[in-house]
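A quick write-up on the structure given underneath.
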Amino acid sequence: MKNLFKMNSSVTIDEFVVIRITGPYTLLKLGPDYAAVRSGDHVIEATGEDLIVETLSEELAVFSFEAISTVSMKEVKDGQGAYDS
């Protein structure tokens with residue numbers, strides 16, 4: 001079922017162990033201790049201990065870590081790849 005209302009994107013970090021992305025996103029990389037997601041014009045990367053992917057749906061992603069060690073956000077311009085310089 002399609003959404004009736006377009007949602008704006010948001011990124012929330014709960015208690016320094018959960019990252020929740022609401023709205024349209026693209027999963028770029030996923031590993032045992034890291035995740036990289038593009039949401040709009042931003043790439044969000046997180047690393048930590050014991051990653052658990054709780055939800056991956058069309059407009060919601062929830063990643064839980066035992067502990068998050070780093071989170072970074074980078075703006076990417078139109079036409080620029082997520083990992084281009």
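For the numbers below, each heavy atom of this structure counts, side chains included, while hydrogens, waters and symmetry mates do not. One is the number of the first residue; the rest follow in order along the sequence.
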Exercise. Find out whether His42 and Val76 are in side-chain contact, i.e. whether some heavy atom of one side chain is under 4.5 Å from a heavy atom of the other.
Key: no
Quiz item: Do Ile68 and Thr47 touch side chain to side chain, with heavy atoms closer than 4.5 Å?
Solution: no
Self-check item: Phe16 and Val71, any side-chain heavy atoms less than 4.5 Å apart
Solution: no
Quiz item: Where the side chain of Thr55 meets the backbone of Val62, is there a donor-acceptor pair that is under 3.5 Å apart?
Solution: no
Exercise. Calculate, to the nearest 0.5 Å, the distance between atoms OG and CD belonging to Ser64 and Glu15 respectively.
Key: 10.5 Å
Exercise. Would you check if Pro24 and Ser39 make a side-chain contact, meaning some heavy-atom pair closer than 4.5 Å?
Key: no
Quiz prompt | Least distance between heavy atoms, Glu66 atom then Val17 atom | solution = O-CG1, 3.5 Å
Exercise. For Phe65 and Asp33, work out which heavy atoms get closest and say how close.
Key: CE2-O, 3.8 Å
Quiz prompt | Common cluster, Val18/Ile52, ILVMFWY with side-chain heavy-atom separation under 4.5 Å | solution = no
Practice problem: Answer whether the closest heavy-atom distance between the side chains of Tyr25 and Leu56 falls below 4.5 Å. | Solution: yes
Self-check item: Shortest non-hydrogen contact between Leu60 and Arg20, atoms and distance
Solution: CD1-CG, 3.9 Å
Quiz item: Closest heavy-atom contact between Leu51 and Gly31?
Solution: CD2-O, 3.3 Å
Self-check item: Nearest heavy atoms of Glu45 and Ala36, plus distance in Å
Solution: CG-CB, 3.9 Å
Quiz prompt | ILVMFWY cluster, Phe63 and Met73 together (side-chain gap under 4.5 Å) | solution = yes
Quiz prompt | Residue pair Val11 / Thr22, side-chain heavy-atom distance below 4.5 Å | solution = no
Quiz item: So how far is it from Ile19 CD1 to Ile44 CD1, rounded to the nearest 0.5 Å?
Solution: 8.5 Å
Quiz item: Quick one: does Thr70's side chain get under 4.5 Å of Tyr34's, heavy atoms only?
Solution: no
